[in-house]
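For the single chain, residues carry numbers from 1 onward in sequence order. Bear in mind the structure is a predicted one, so any value in this text is a computation, not a measurement.
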Amino acid sequence: MTAGLGVYESLVVIDGAAFAPTRHLARLCRSAAAVGLGAPDLDELREAIETVAREGGWAYGRLRITMTAGSAAGAGDGVTFVTGSEAAVVQQVTAVRVPWVRNERAPLVGVKATSTADNLTAARYAHEQGADEAVLANTRGDLCECTTSNVLVEIGGQVLTPPLSSGCLGGVTRELVLAWADEAGLPVHERALGYDVLDEVSGGRAHLAVSSTTRGVAPVVALDGAPVAPGPITLELRRLVQAQRLENLDP
């Protein structure tokens, strides 16, 4: 048993190769430093990532790198390991609002920590409502993120995603979406949004989507049990991300 002190990264496997390992390893190092873990051996981890991805033989899969502090912080018995499994290609998701918020001032904001009880509780609530994802506000009442993905809102002819100051995770896919959209001339920007922007989605005046490592960009097709339509820019952005991920495996 560990003391709950650990960090992790999830990578997608495309045709037997891990996508964006450099960006994921950089974030793993930042997370490890934030919780007081030593820096991982990046050469060893790259080799493990390549081996697990190749030997898994998945056309589409998921890898997880886990670093733990061991039985107690400072005990010196920490371990780092890489596991993998096949994953499903996600075309769309459903979502619900939940009665809990993300604390944007918490000490582990932006850290992929293994202590994910808050996320699991919100995700279980969503699943009990028949949804794939839970959409969270922060303590200021702003839109923040989902339990395992960043959130995108298409409104007023542009796609907006909350800034990191909202308390959301700096997702690797989110980061690439912003960069690739800028290069392609798509109107995708960071902007603070009130949680009540979801009322615009429910009313058909806006569209919702999520971005994550295994989902890429996936439109939300139901919110709180009611159908909502994918946005045209969102669908174009999804196609862009799919094409870019095949073109360059380590952007």
State plainly whether the residues R174 and E145 are in salt-bridge range, i.e. N to O under 4.0 Å.
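Salt bridge: no.
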
Taking the side chain as every heavy atom from C-beta outward, state whether [X] and [Y] have any pair of such atoms under 4.5 Å apart.
{"X": "S212", "Y": "V90", "result": "no"}
{"X": "L240", "Y": "L237", "result": "yes"}
{"X": "V52", "Y": "T83", "result": "no"}
{"X": "L28", "Y": "K112", "result": "no"}
{"X": "L193", "Y": "L160", "result": "yes"}

Between [X] and [Y], do the side chains contain an N or O donor and an N or O acceptor separated by less than 3.5 Å?
{"X": "E133", "Y": "S149", "result": "yes"}
{"X": "R124", "Y": "N119", "result": "no"}
{"X": "S202", "Y": "R97", "result": "yes"}
{"X": "T94", "Y": "D132", "result": "yes"}
{"X": "T213", "Y": "R215", "result": "no"}

Side-chain heavy atoms nearer than 4.5 Å, only ILVMFWY residues, links allowed to pass through others: does that put V12 and V217 together?
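In one cluster with V12: V217, yes.
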
V93 with V197, same ILVMFWY side-chain cluster at under 4.5 Å
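Yes; V197 is reachable from V93 via cluster members.
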
Donor-acceptor pair, side chain of Y195 and main chain of V135, under 3.5 angstrom:
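Here the side-chain-to-backbone pair exists.
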
Measure from the side-chain N and O atoms of T234 to the backbone N and O of P230, and report whether any donor-acceptor pair falls under 3.5 Å.
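No; judged by distance alone, with no hydrogens or angles, the pair does not exist.
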
Under 6.0 Å from the CZ atom of R62, do we count more than 12 heavy atoms belonging to anything else shown?
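Atom CZ in R62 is not crowded, with 12 or fewer foreign heavy atoms closer than 6.0 Å.
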
Does E47 CD have over 12 foreign heavy atoms under 6.0 Å away?
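Check fails, neighbour count at 12 or below.
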
Check salt bridge (charged side-chain N to carboxylate O under 4.0 Å, His left out) between R140 and all other residues, then give those that pass, not counting sequence neighbours.
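R140 satisfies salt bridge (charged side-chain N to carboxylate O under 4.0 Å, His left out) with E104, D142 only.
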
Go through the steps for V82 and E44 under the test side-chain contact (heavy atoms from CB on, under 4.5 Å), then give the verdict.
CA-CA 11 Å; V82 179; E44 188 176 77; over 6 Å; no

Non-hydrogen atoms of S115 and L108 that approach each other most closely
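Smallest interatomic distance, heavy atoms only, reads OG-CD1, 4.2 Å.
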
